[in-house]
Amino acid sequence: MIQKLGQVMLYVDNQDQSKAFWTEKLGFQVVAEEDNGEGMRWIEIAPPGADTTIVLQNKAFVAKMEPDMNLGTPSLMFYTDNAEQLHADLKSKNVKVGDLVEIPGGKVFNFADDEENYFAVMERK
């Protein structure tokens, strides 16, 4: 039986740039960083205290190793306690953010990383 979600793979063109985005602009921490010396490198990141991590994978390398793999961006919804503050903070760091909107379940907005991958953030009621 599955007990929890462990990792989400995010396939990126530039791992170092992506690592900087998530750690410097979103406040994520590097959980692990591995490089087998043969082109296979991954960087595992997560918000402090999170159970689920994101693994930044080299898109070109994975495409070469597994040509049939879907390398599209996963649709991720992050949660926050203060959507307005986070929205303003990301804007001040020049992160591309969408409008903050009120929906029946709370407040939500989207943001893009440096490779134009979009993610959502929600403050639940």
(request) Take atom CE of Met9 as the centre, draw a 6.0 Å sphere, and report whether it contains more than 12 heavy atoms from other residues, nucleotides or ligands. (result) yes
(message) I'd like to know if Glu116 and Lys96 make a salt bridge, using a cut-off of under 4.0 Å between side-chain N and carboxylate O.
(response) yes
(request) Indicate the atoms forming the closest heavy-atom contact of Phe109 with Gly98, along with that distance. (result) CB-O, 3.9 Å
(message) Pair Glu33, Arg41 - check salt bridge (charged side-chain N to carboxylate O under 4.0 Å, His left out), show working.
(response) CA-CA 8 Å; Glu33 192 165 347; Arg41 176 179 175 224; 2.8 Å; yes
(message) With a 4.5 Å cut-off on side-chain heavy atoms, are Asp114 and Lys25 touching?
(response) yes
(request) Find out if a path of hydrophobic residues (ILVMFWY) with successive side-chain heavy-atom gaps under 4.5 Å connects Leu10 to Met77. (result) no
(message) Can you tell me how far apart CG (Asn117) and OH (Tyr11) are? Round to the nearest 0.5 Å.
(response) 13.0 Å
(request) Taking all heavy atoms of Glu123 and all of Asp81, pick out the closest pair and write down the distance. (result) CD-O, 3.5 Å
(message) Restricting to non-hydrogen atoms, name the atom on Thr52 and the atom on Leu5 that form the minimum distance, rounded to 0.1 Å.
(response) OG1-O, 2.7 Å
(message) Quick check on the hydrophobic clustering: are Ile45 and Val31 connected, directly or via other members, by side-chain heavy-atom contacts under 4.5 Å?
(response) no
(message) What I'd like to find out is whether the side chain of Phe28 reaches to under 4.5 Å of the side chain of Ile54, using heavy atoms alone.
(response) yes
(message) With a sphere of 6.0 Å drawn around NZ of Lys91, does it hold more than 12 non-hydrogen atoms of other residues, nucleotides or ligands?
(response) no
(request) Measure the OG1-CH2 distance between Thr53 and Trp42 for me, rounded to the nearest 0.5 Å. (result) 12.5 Å
(request) Could you state whether Leu71 and Tyr118 fall into the same hydrophobic cluster, counting links through intermediate Ile, Leu, Val, Met, Phe, Trp or Tyr residues with side-chain heavy atoms under 4.5 angstrom apart? (result) no
(request) Locate the shortest heavy-atom distance separating Asp35 from Gly37; write the atom from each residue and the value. (result) OD1-N, 2.8 Å
(message) With rounding to the nearest 0.5 angstrom, report the NZ to CD1 distance, Lys19 to Ile43.
(response) 5.5 Å
(message) Please check: side-chain N/O of Glu115 versus main-chain N/O of Asp13, any donor-acceptor pairing under 3.5 Å?
(response) yes
(request) Kindly compute the distance separating CG (Leu86) from NZ (Lys107), expressed to the nearest 0.5 Å. (result) 12.0 Å
(request) Locate the shortest heavy-atom distance separating Phe61 from Glu38; write the atom from each residue and the value. (result) CE1-O, 3.6 Å
(message) Applying a strict under-4.5 Å side-chain criterion to I, L, V, M, F, W and Y, I'd like to know whether Val55 and Met69 cluster together.
(response) yes
(request) Taking the side chain as every heavy atom from C-beta outward, state whether Glu102 and Lys125 have any pair of such atoms under 4.5 Å apart. (result) yes
(message) I'd like to know if the side chain of His87 reaches the main chain of Asn82, judged simply by a donor and an acceptor atom lying under 3.5 Å from each other, with no hydrogens or angles considered.
(response) no
(message) Using 0.5 Å steps for rounding, measure from the CG atom of Asn58 to the OG atom of Ser18.
(response) 11.0 Å
(request) Specify the closest pair of heavy atoms between Glu44 and Gln7, including all atoms of both residues, with the distance to one decimal. (result) OE2-NE2, 3.2 Å
(message) Between Leu26 and Val30, is there shared hydrophobic-cluster membership here, with clusters defined by ILVMFWY side-chain heavy atoms closer than 4.5 Å?
(response) yes
(message) Just verifying a value: how many Å separate Leu56 CG and Trp22 CH2, rounded to the nearest 0.5 Å?
(response) 8.0 Å
(request) Check each of Ile103, Leu100, Thr80, Asp99 against Val108 using the side-chain contact (heavy atoms from CB on, under 4.5 Å) test, and report the only one that passes. (result) Ile103
(request) Look at the rings of Phe119 and Phe111 and say which category their plane angle falls in: under 30° parallel, 30 to 60° tilted, over 60° perpendicular. (result) tilted
